[in-house]
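A short worksheet on the structure shown next.
Start at 1 and go down the list; that is how both ligands and their atoms are numbered.
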Amino acid sequence: MGLRLPLRRSTSFTPDHPALMEVPGPTALKMEANVLVMGADNVGKSALTVRFLTRRFIGEYGDMEFIYSHNLTVDGREILLHIWDVPSSQEQAEDGSSEEKRIQWADSFVLVYSICDRASFNILPLKIQFIKAAKEGQSQEKVPIVIVGNKRDLHHQRVVSSEEGRLLALSLDCGFYEVSAAEAYHGALMVFHGLAKLIPDTKLALKKGTGIRGIVKTMSAVFARKRTDSL
Ligand SMILES: Nc1nc2c(ncn2[C@@H]2O[C@H](COP(=O)(O)OP(=O)(O)OP(=O)(O)O)[C@@H](O)[C@H]2O)c(=O)[nH]1
């Protein structure tokens, strides 16, 4: 059975952080990359993704599954990111082969844990080794991965130190960020911007023209759910 792709949604994006105001010249390359957001349940995968895409934090995200398409300009390269956020309830209902297929689909990975949840941190080394074995075996190229410690605002509940996160990222040759999707947009922007910087041109160029062309639906369902819940 083939890989079941979720609904697809497009967004537009203009970076507003001074460090990110890199206007592409007339020869800027247009490229595409697939990003898979992974991690344990309840760590804030959807919050981080939605914060990056919309700048908003809506609190509850339900179990909607989307691939979001979003333009980002990094180092003069205009990159169309296809970001797949998989709810953990769905992951648990599947067999391992679906995760393998998603890993094959992706060129780059965001691995999220909560700084308040030791177990969500402890599962990362195995997940990352699994990704590396699946991807690096094929291409011999380093796989772009960033590790994200989320919920930084809950410092009184912290059980994973920043140093532990940084060391893990160093030992596995990944990028590292600590953020609060709840508190600020900037951290989410830095995560996806940092990831895009790690994707080599060769990988991006290879993806050009091979992106999925699926059904485009709006994220209004997520916001509608939120509005209904708060009535
Ligand atoms: N305090 C705080 N809460 C957060 C933050 N990010 C997410 N949350 C909350 O954590 C809960 C889980 O967030 P989600 O984004 O749904 O987490 P997820 O990893 O996508 O969850 P699954 O659907 O289980 O895969 C929600 O109640 C969010 O409001 C954060 O940075 N700080």
Which residue owns the protein heavy atom closest to [atom], what's the atom, and how far is it?
atom: atom 25 (O) of ligand 1; value: Lys45 NZ, 2.8 Å
atom: atom 27 (O) of ligand 1; value: Glu60 OE2, 2.9 Å
atom: atom 14 (P) of ligand 1; value: Gly44 CA, 3.7 Å
atom: atom 22 (P) of ligand 1; value: Ser88 OG, 3.3 Å
atom: atom 7 (C) of ligand 1; value: Ala47 CB, 3.5 Å
atom: atom 16 (O) of ligand 1; value: Tyr61 CD1, 3.8 Å

Shortest non-hydrogen contact from Val37 toward Phe192: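 Minimum heavy-atom separation between Val37 and Phe192: CG2-CZ, 4.4 Å.
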Let me check something: do Ile145 and Leu167 share a hydrophobic cluster, defined by ILVMFWY side-chain heavy atoms less than 4.5 Å apart, either directly or through other members?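 Ile145 and Leu167: separate clusters.
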Close N or O approach ([X], ligand 1; < 3.5 Å):
X: Leu154; answer: no
X: Ala181; answer: yes
X: Lys151; answer: yes
X: Asn42; answer: yes
X: Pro87; answer: no

Please report the interatomic distance [atom1]([X]) to [atom2]([Y]), rounded to the nearest 0.5 Å.
X: Phe130; Y: Met38; atom1: CZ; atom2: CE; answer: 8.0 Å
X: Leu81; Y: Glu32; atom1: CG; atom2: CD; answer: 10.0 Å
X: Phe109; Y: Ile131; atom1: CZ; atom2: CD1; answer: 5.0 Å
X: Arg102; Y: Asn34; atom1: CZ; atom2: CG; answer: 13.0 Å

Should the proximity of [X] to ligand 1, defined as any heavy atom under 4.0 Å, be assigned to the side chain, the backbone, both, or neither?
X: Val43; answer: both
X: Asn150; answer: side chain
X: Asp153; answer: side chain

Do Asp85 and Ser46 have a side chain donor and acceptor closer than 3.5 Å?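 Their side chains do contain a donor-acceptor pair, which is all the 3.5 Å distance test asks for.
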Assess the side chains of Glu78 and Thr73: does a donor N or O sit below 3.5 Å from an acceptor N or O?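 Not at all, the side chains of Glu78 and Thr73 share no donor-acceptor pair under 3.5 Å.
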Atoms in ligand 1 with a heavy atom of Asp41 nearer than 4.0 Å: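 It comes down to these atoms of ligand 1: 24 (O).
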Regarding atom 30 (C) of ligand 1: of the candidates Ala40, Ala182, Ser114, which has the closest heavy atom?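 Looking at heavy atoms only, Ala182 sits closest to atom 30 (C) of ligand 1.
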When you measure from the centre of the six-membered ring of Tyr185, is the NZ or CZ of Arg51 under 6.0 Å away and within 45° of the axis?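 So Arg51 doesn't make the cation-pi contact.
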Taking side chain as C-beta onward, heavy atoms only, is Ser180 less than 4.5 Å from Lys151?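 With C-beta onward as the side chain, the pair stays apart.
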Taking only non-hydrogen atoms of Gly59, do any sit less than 4.0 angstrom from ligand 1?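 Within the 4.0 Å threshold, so yes.
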Walk me through whether Glu164 and Arg158 qualify under salt bridge (charged side-chain N to carboxylate O under 4.0 Å, His left out). CA-CA 12 Å; Glu164 284 178 278; Arg158 180 190 282 274; over 6 Å; no
